[in-house]
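For reference, the structure is listed below as structure tokens.
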2 protein chains.
Amino acid sequence: MLGDQALAAFSVRTTRTHFHGGETIITQGDEVGRIGVVVSGLLKIVVFTEDGAEHVLQTVGPGQLVGNTDGQRHGHAVEAATDGMVCWMPREAWNSFLKARPEHYQAFLSVTLQQYQEAQQGVIRMRGRNTLQRVAFWLLDQKPARGTGNVPLIRIALSRRDLASLLDMTAETLCRALHQLIERSAIRLPASDLVEIVDMERLRQLGKYPRDRIAGAENPRATPFPHPFVQVASSDRFEATMPPERLKRLSEFGAASR
Amino acid sequence: MLGDQALAAFSVRTTRTHFHGGETIITQGDEVGRIGVVVSGLLKIVVFTEDGAEHVLQTVGPGQLVGNTDGQRHGHAVEAATDGMVCWMPREAWNSFLKARPEHYQAFLSVTLQQYQEAQQGVIRMRGRNTLQRVAFWLLDQKPARGTGNVPLIRIALSRRDLASLLDMTAETLCRALHQLIERSAIRLPASDLVEIVDMERLRQLGKYPRDRIAGAENPRATPFPHPFVQVASSDRFEATMPPERLKRLSEFGAASR
DNA sequence: CGGCAGATTGAGACTAATCAAGAGGAGTGG
DNA sequence: CCACTCCTCTTGATTAGTCTCAATCTGCCG
């Protein structure tokens, strides 16, 4: 699809970088002259306010973009929630690439608009919901990787503190909310970072989760930017960030709990 | 700047529409095959949740965009907060226009990214701030049109209920917050929709307003989309939405209060 | 002047933050 | 292999902040 010239000029400038959990990818206030496509792993967009507090605004998964091309300073930082990989390209390469192949503007815009929408969704999920509902809602919004025996299983890649921040509550409140969901037998906690959805319908009620979002058709995370050179692991973020030994332990648990 | 052909095909399809306060511009869930540039007045982006509650997410002023071009359904509605004007163009015209003149992609992206950033800012202003601080912060974020005697004066175009929704609180709490700001002599209320900033510094402290935002340089609302055919009233949203009789009454008030 | 809708003010209920303390888990060094 | 430390997670009691409900007030229109 790409012209030879554009492709050559472009792919030379492309850099894949591995990152590790906790690492800072982009520092707040920096001018980052490059843009990155997340290939695997999970990033988090955080903001440090003047009083030193850290706020997690959004998570960025495979196929989504970080950085900006307009030479503006970053109003937020980007940190790694898990290990993973980003594919970077410098601003000039990016811009000249887009200029040479305007048809890719459409894809770029689409992903940008999608992340914009996701930011709006993030606000909406906060509104008119108490802490319990927000937690339930978030759980339902995660890609439910099926565990052993087709039970929906969710890996919480974020720390309690980070997830609490994302959901705009304290870690203590998040903890209480999770255990309230357990008491009402909507979920179980095989491990502190694993959530097993026991009763999907009850969880929906508790989270005031709209019917039309159930299929995930409204705001699918899976319209990844069609990066020409990188295969994006979009479908299985679960396995991508799940260490093998955990999977093993998990299946043991599943067998034991039956 | 525009090629004759593109210009001709484009300007024919452009439609200016006046809107009145309270009017619904875009219905939630609609597929709107067009995009609009706000010329004057103020729009609000609202979401109706399943339980019937209405949430104001954002306001859209002159130079900013509404609608989308990707044929997707709207996750939110757009309503008029004041009287004003939008300049519409159908999706096909828009897309072919951008295709013909790729250099405008940059501007389009820029405005989109800006609104994206604004959405993020909207989240941040909520975080780690109580109701009083949110109100103070919002006031400082408004374009302070100077009133009589160079006193910063702000017109609240939104109803109490809408503004409260935007700031994620109840109308009652908003009201109390405003009056608390008055008690601490940071502001005055010449009329229920007019705020006079008496002590800017105190208001900043009460709103935890960062220093670097004071100049408004960080996130200026004034990088309007350079619409080729419409003159955008970007600088004076105040006067644009201020009925003449109010202005007159206001100056009388200013004279009387000295 | 009466009616109406939005804005204001007040009192009580309830949610979530804060402060404090205990439990679990991973890594380190002897 | 075990004790020790550090850090995160969890749990409990208290407090502060907002929401809710209700009543009153205000400006506006016919």
Side-chain angles (χ1 to χ4, degrees), chain A residues 20-22 49 51-56 81-82 126-138 155-183 187-195 206-208 243 245-246 249 253, chain B residues 21-22 51-56 81-82 126-137 155-183 187-195 206-208 243 245-246 249-250 253:
Chain A
H20 300 284
T49 50
D51 52 3
E54 178 182 346
H55 297 281
V56 179
T82 67
M126 300 298 190
R127 292 290 187 89
R129 290 194 167 84
N130 58 28
T131 51
L132 184 68
Q133 293 166 336
R134 293 208 292 278
V135 174
F137 194 97
W138 182 84
R155 167 94 197 284
I156 303 180
L158 298 168
S159 70
R160 284 284 183 280
R161 199 172 130 275
D162 281 345
L163 179 56
S165 177
L166 179 67
L167 298 176
D168 196 17
M169 59 185 78
T170 59
E172 293 94 325
T173 304
L174 168 61
C175 200
R176 279 184 255 269
L178 280 173
H179 283 266
Q180 204 164 346
L181 290 177
I182 294 173
E183 279 173 28
I187 64 169
R188 287 202 307 160
L189 272 187
S192 74
D193 61 339
L194 286 174
V195 175
L206 290 171
K208 293 211 283 183
E245 66 275 15
R246 284 212 76 88
R249 270 213 281 154
F253 169 86
Chain B
D51 52 3
E54 178 181 346
H55 297 281
V56 179
T82 67
M126 299 300 190
R127 293 288 187 91
R129 288 193 167 85
N130 59 27
T131 51
L132 183 69
Q133 293 166 336
R134 293 208 292 277
V135 174
F137 193 97
R155 167 96 196 284
I156 303 180
L158 298 167
S159 71
R160 285 285 184 278
R161 198 172 129 278
D162 281 346
L163 179 56
S165 176
L166 179 67
L167 299 177
D168 196 17
M169 60 185 78
T170 58
E172 292 95 326
T173 305
L174 168 62
C175 200
R176 278 184 255 270
L178 280 173
H179 283 266
Q180 205 164 346
L181 290 178
I182 294 173
E183 279 173 27
I187 63 169
R188 287 201 308 161
L189 272 186
S192 74
D193 62 339
L194 286 175
V195 175
L206 290 171
K208 293 211 283 183
E245 67 275 14
R246 284 214 75 88
R249 270 213 282 153
L250 184 63
F253 168 84

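Throughout, a chain's letter reflects where its sequence line sits, starting with A, and its residues are numbered from 1. Quick note: numbers below take in every heavy atom, side chains included, and nothing from hydrogens, waters or symmetry partners.
Heavy-atom contacts from other residues, nucleotides or ligands closer than 6.0 Å to CZ of B/Arg161 number 12 or fewer.
Taking atom CE of A/Met169 as the reference point, atom C1' of C/dA17 lies 12 Å away to the nearest angstrom. As rounded to whole Å, 14 Å separates atom C1' of C/dG24 from atom CG of A/Leu189. Separating the CD1 atom of B/Ile182 from the P atom of C/dA7 is a distance of 15 Å, rounded to the nearest angstrom. Here the C1' atom of nucleotide C/dT8 and the CG atom of B/Asp193 are 15 Å apart, to the nearest Å. Here the P atom of nucleotide D/dT18 and the CZ atom of B/Arg129 are 13 Å apart, to the nearest Å. Straight-line distance from the CD atom of B/Glu172 to the P atom of C/dG12: 17 Å, rounded to whole Å. Remark: C1' of D/dT11 and CG of A/Leu174 are 14 Å apart, rounded to the nearest angstrom. The distance from atom NE2 of B/His179 to atom P of D/dT26 is 12 Å, rounded to the nearest whole Å.
Close to C/dA7, at under 4.0 Å from its OP1 or OP2, lies no side-chain N or O of B/Ser192. Close to D/dT10, at under 4.0 Å from its OP1 or OP2, lies a side-chain N or O of A/Arg160. Using a 4.0 Å cut-off, no side-chain N or O of B/Ser159 falls inside it from OP1 or OP2 of C/dG6. OP1 or OP2 of D/dC19 lies within a sub-4.0 Å distance of a side-chain N or O belonging to B/Thr173. Between B/Thr131 and D/dT18, a side-chain N or O to OP1/OP2 separation shorter than 4.0 Å is present.
Taking only distance into account, the side chain of A/Arg134 never meets the base of C/dT15 through a donor-acceptor pair shorter than 3.5 Å. On a pure distance criterion of 3.5 Å, no polar donor-acceptor pair joins the side chain of B/Arg176 and the base of D/dG17.
At least one side-chain heavy atom of B/Leu189 sits less than 4.5 Å from a side-chain heavy atom of B/Val195.
Panel note: side chain B/Arg160, backbone B/Leu174; no donor-acceptor pair is recorded below 3.5 Å. Side chain of A/Lys208 to main chain of B/Asp51: no donor-acceptor pair is present (N/O by atom type, distance under 3.5 Å, no hydrogens or angles).
Computed from C1' positions of five pairs at each end, the angle between the two local axes of the helix from C/dC1-D/dG30 to C/dA21-D/dT10 equals 30°, rounded to 10 degrees.
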Evaluate the criterion side chain to side chain contact (heavy atoms under 4.5 Å, CB included) for residue pair A/Leu206 and A/Gln133; output intermediate values, then yes/no.
-> CA-CA 6 Å; A/Leu206 290 171; A/Gln133 293 166 336; 5.9 Å; no

Side chain to side chain contact (heavy atoms under 4.5 Å, CB included) between A/Gln180 and A/Arg176: does it pass, once the steps are laid out?
-> CA-CA 6 Å; A/Gln180 204 164 346; A/Arg176 279 184 255 269; 5.6 Å; no

Assess whether side chain to side chain contact (heavy atoms under 4.5 Å, CB included) is satisfied between A/Arg127 and B/Met126, documenting all intermediate values.
-> CA-CA 11 Å; A/Arg127 292 290 187 89; B/Met126 299 300 190; 3.9 Å; yes

